[in-house]
Amino acid sequence: MLQKKIINIALDGPSGAGKSTMAKEIAKEFGFIYVDTGAMYRAVGFYALRNNVKPSNKAAVLPLLDSIKIELKFENKTQRIFLNGENVSSAIREHSVSSAASDVSAIPEVRSFLLDLQRSIAEKNSVIMDGRDIGTVILPNADLKLFLTATPEERAKRRYNELMERGQRMDYETVLADMIKRDKNDEHRDHAPLKAAPDAVLLDTTGNSFSDTLALLKRVIKDRLKNVL
Ligand code: DC
């Protein structure tokens with residue numbers, strides 16, 4: 001029997017561009033697993049905070065890696081993340097963990113610590129994997145690379161609404177300032193900075209509704225992958 005080809009889609013872009021919302025829908029539509037690599041950096045950042053370690057302090061973060069075991073489990077194709085056996089899927093969504101994740105993600109040893117896990121999932125499964133360096137570093141041979149973006153103001157508005165829905169009170173100006181700071185961190189770090197791969201399809205979703213963006217993505221995927229889907 002012919003084995004169905006494993007398909008890898010890389011989805012990169014800045015925070016709040018709508019990657020995870022879109023990736024979940026795409027995964028459902030095409031039967032892929034959605035892998036959220038940001039959750040892995042969040043788990044490391046969360047562990048640093050829990051151990052009273054400043055996430056930007058490389059010398060203090062590195063020894064922690066020896067006592068971190070991260071596992072992803074997929075239930076109904078939805079990712080759950082476990083840190084040393086504990087389900088931290090909700091805890092890592094706290095606002096304070098966002099900047100901790102960004103800080104630890106600038107440490108090259110943290111990036112290589114997570115690289116094998118990310119690649120091994122994509123080797124065994126058809127995935128849409130979201131992150132910052134998936135098309136450039138993790139899956140350079142992905143079948144399709146997408147780069148999703150929107151203006152900082154639009155992304156901050158979306159993140160603000162998300163936080164409100166989860167009952168986390170913050171003012172919009174703070175969310176916007178944090179977003180701009182995190183963009184700067186992610187784009188200007190020395191190792192695997194946020195950037196579009198030269199062969200990525202660039203999609204700016206500013207002003208688009210959820211359904212416009214989803215329809216656009218589905219069209220791009222069906223068109224680019226018509227020979228393998
Ligand atoms: O996608 P997110 O906002 O949950 O990611 C949290 C942080 O992790 C983000 O500031 C950048 C970092 N990150 C990264 O450097 N590389 C990835 N592949 C995914 C996330």
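In listed order, ligands and their atoms are each counted from 1.
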Step by step, work out the side chain to side chain contact (heavy atoms under 4.5 Å, CB included) result for M129 and Y34.
CA-CA 6 Å; M129 185 175 283; Y34 161 47; over 6 Å; no
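- In this structure a side-chain-to-backbone donor-acceptor pair under 3.5 Å is present from S120 to D116.
- On a distance-only criterion, T37 and ligand 1 share at least one N/O pair closer than 3.5 Å.
- Geometrically, ligand 1 and R111 share a nitrogen or oxygen pair separated by less than 3.5 Å.
- For ligand 1, the atoms sitting less than 4.0 Å from at least one non-hydrogen atom of A101 are 6 (C), 7 (C), numbered in the order shown with element in parentheses.
- Residue contacts with ligand 1: R159 is placed with no nitrogen or oxygen under 3.5 Å of a nitrogen or oxygen of the ligand (distance criterion only).
- Remark: side-chain polar atoms of S112 are paired, donor with acceptor, to backbone N or O of P108 under 3.5 angstrom.
- Residue contact check for ligand 1: R189 places a non-hydrogen atom closer than 4.0 Å to it.
- Backbone and side-chain nitrogen or oxygen atoms of R132 are examined, and one is located within less than 3.5 angstrom of a nitrogen or oxygen of ligand 1.
- The closest approach between Q118 and ligand 1 stays at or above 4.0 Å for every heavy atom of the residue.
- Considering backbone and side-chain N/O atoms, Y41 never comes within less than 3.5 Å of an N/O atom of ligand 1.
- K73 forms a cation-pi arrangement with F82, by the criterion of a distance under 6.0 Å to the ring centre and an angle within 45° of the ring axis.
- For a threshold of 3.5 Å applied to N or O pairs, the pair formed by D186 and ligand 1 contains at least one separation below that value.
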